[in-house]
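Throughout, residue positions are numbered sequentially from 1 according to the sequence presented. Computation of the quantities below employed the complete heavy-atom set of this structure, encompassing side-chain atoms and omitting hydrogens, waters and symmetry-equivalent molecules.
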Amino acid sequence: MIRCYDPRDASLLKEAMDASIEHLSEWMPWARLEPQTLEQKVQLLRTFRGQFDHDENYVFGIFARDESELLGGSGFHKRSNDGSLEIGYWVAAGAIGRGIATEATAVQTRAGFELCGLDRVDVQIDPLNERSLKIPRKLGFMEEGTLRRRLDPGADGEPRRDSVVFTMLREELADSPCLAYDYVAYNAAGDVLGV
């Protein structure tokens, strides 16, 4: 299940992050701020929720069906022009290899085109992150190229990192493997949103 975070998810986020620091810190500069306290996680999730509610940034948790475990995170980020959002994702160390990021990316791509009216969906990945590079390729995204020194630096003192940019345009969805992944979307009131 993918949904907007709520501050009540802080303990699940802390547990997933504490177990995944080593796995994530190579690719996610924000993971180098870990471990954080539970109160810091509550504040972070309040920030995410506020950004979501104010239509600024859309950060999601990826939860087990019964919501007893956080399997990873994803989001739609406004990093390009109007009509375009960028998908980012991470997977908790204990959930690697289960197709979670692939499914989350496919579902968000579909929802972006079908429900949000996007014209373009982007994914940016460090060219050394071979596992993550497979996801947009598998889903039919076009590899547009490598942008030099685009991503945040690695450790302190390191230069900015390169980024491979993948894109899918609205008209490319019909031929995309993303269509193999079904979803049901809900609004904040719990009503089902139609396609």
Side-chain angles (χ1 to χ4, degrees), residues 1-5 24 27-28 48-49 51-65 67 70-92 95-148 150-151 161-195:
M1 172 192 321
I2 302 170
R3 66 167 170 77
C4 177
Y5 281 113
L24 293 173
W27 310 115
M28 305 293 182
F48 287 162
R49 183 61 197 226
Q51 290 172 343
F52 199 99
D53 291 345
H54 288 283
D55 198 28
E56 299 168 350
N57 193 28
Y58 314 99
V59 182
F60 303 100
I62 304 172
F63 297 87
R65 287 191 190 276
E67 297 191 51
L70 181 67
L71 305 175
S74 189
F76 268 143
H77 309 291
K78 293 182 176 185
R79 295 185 177 143
S80 190
N81 56 353
D82 287 343
S84 174
L85 291 173
E86 179 183 318
I87 295 175
Y89 48 81
W90 64 273
V91 176
I96 294 172
R98 294 168 39 190
I100 291 165
T102 301
E103 183 173 358
T105 302
V107 166
Q108 281 183 249
T109 300
R110 285 192 64 187
F113 291 129
E114 296 169 352
L115 298 176
C116 302
L118 297 178
D119 186 53
R120 170 187 173 116
V121 173
D122 298 323
V123 178
Q124 288 192 64
I125 301 169
D126 185 311
L128 300 177
N129 191 341
E130 294 178 20
R131 185 180 294 264
S132 281
L133 289 169
K134 292 178 184 177
I135 294 168
R137 289 176 177 151
K138 177 180 180 178
L139 295 175
F141 279 72
M142 173 72 68
E143 186 171 331
E144 291 194 346
T146 300
L147 303 177
R148 299 181 302 160
R150 176 67 171 227
L151 298 174
R161 299 167 300 131
D162 293 349
S163 170
V164 180
V165 177
F166 294 88
T167 299
M168 185 177 294
L169 302 177
R170 170 185 281 285
E171 61 271 17
E172 296 167 339
L173 179 64
D175 296 323
S176 166
C178 290
L179 294 180
Y181 297 86
D182 292 326
Y183 70 96
V184 177
Y186 301 87
N187 66 16
D191 301 320
V192 175
L193 299 174
V195 178

Checklist entry - Just checking, Arg3 and Phe63: is the charged tip under 6.0 Å from the six-membered ring centre and within 45° of the axis? => result yes
Checklist entry - How long is the gap from CZ on Phe141 to SG on Cys178, to the nearest 0.5 Å? => result 5.5 Å
Item to check | Flag side-chain contact, heavy atom, 4.5 Å: Val59 against His77 | outcome: yes
Checklist entry - Are Thr105 and Leu139 close enough that some pair of their side-chain heavy atoms sits under 4.5 Å apart? => result yes
Checklist outcome for this item: Pro127 and Leu133 have their tightest heavy-atom pair at O-CD1, 3.4 Å
Next on the checklist: One pair to check against side-chain contact (heavy atoms from CB on, under 4.5 Å): Arg131 and Val91. What are the steps and the verdict?
Outcome noted: CA-CA 11 Å; Arg131 185 180 294 264; Val91 176; over 6 Å; no
Checklist entry - So, for Ile100 and Ala95, which heavy atoms are closest and what is the spacing to 0.1 Å? => result CD1-CB, 3.5 Å
Item to check | Nearest-0.5 Å distance that lies between atom CD in Glu172 and atom CZ in Phe113 | outcome: 7.5 Å
Checklist entry - Is Glu86 salt-bridged to Arg150, cutoff N-O under 4.0 Å? => result no
Item to check | Pairwise side-chain contact, Leu128 with Trp27, heavy-atom cut-off 4.5 Å (strictly under) | outcome: yes
Checklist entry - Should Lys78 and Glu56 count as an ion pair when the cut-off is N to O under 4.0 Å? => result no
Checklist entry - More than 12 non-hydrogen atoms from neighbouring residues, nucleotides or ligands closer than 6.0 Å to CD on Glu130, yes or no? => result no
Item to check | Minimum-distance pair of heavy atoms, taken over all atoms of Ser176 and Met168 | outcome: OG-CE, 3.3 Å
Item to check | ring-ring contact (aromatic ring centres under 6.0 Å, His included) partners for Phe60, two or more places apart | outcome: Phe52
Next on the checklist: Taking atom CE as the centre, does Met1 end up with more than 12 heavy-atom neighbours from other residues, nucleotides or ligands that are less than 6.0 angstrom away?
Outcome noted: yes
Checklist entry - Out of curiosity, Leu71 CG to Arg98 CZ, how far, rounded to the nearest 0.5 Å? => result 5.5 Å
Next on the checklist: What I'd like to find out is whether the side chain of Leu70 reaches to under 4.5 Å of the side chain of Tyr5, using heavy atoms alone.
Outcome noted: yes
Checklist entry - If you measure from CG on Asp162 to OG1 on Thr146, what distance do you get to the nearest 0.5 Å? => result 6.5 Å
Checklist outcome for this item: Scanning both residues in full, the closest heavy-atom pair of Val192 with Tyr186 reads CG2-CE2, 3.4 Å
Checklist entry - When you look at CD of Gln124, are more than 12 heavy atoms from neighbouring residues, nucleotides or ligands closer to it than 6.0 Å? => result yes
Item to check | Those residues that, when tested against Lys134, pass side chain to side chain contact (heavy atoms under 4.5 Å, CB included) (two or more places apart) | outcome: none
Checklist entry - How close do Arg49 and Cys4 get, heavy atom to heavy atom, and via which atoms? => result CD-SG, 3.5 Å
Checklist entry - Of all heavy-atom pairs between Ala101 and Tyr89, which one has the smallest distance, and what is that distance? => result CB-CD1, 3.7 Å
Checklist entry - How many angstroms lie between atom CG of Leu147 and atom CZ of Arg161, to the nearest 0.5 angstrom? => result 13.0 Å
Next on the checklist: With a 4.5 Å cut-off on side-chain heavy atoms, are Arg110 and Leu179 touching?
Outcome noted: yes
Next on the checklist: Nearest 0.5 angstrom please: Arg137 CZ to Phe166 CZ, how far?
Outcome noted: 4.5 Å
Item to check | Under the side-chain hydrogen bond (donor to acceptor under 3.5 Å, both in side chains) test, residues paired with Asp82 that sit two or more places apart | outcome: none
Checklist entry - Would you say the side-chain atoms of Ser84 and Asp122 include a donor-acceptor pair closer than 3.5 Å? => result yes
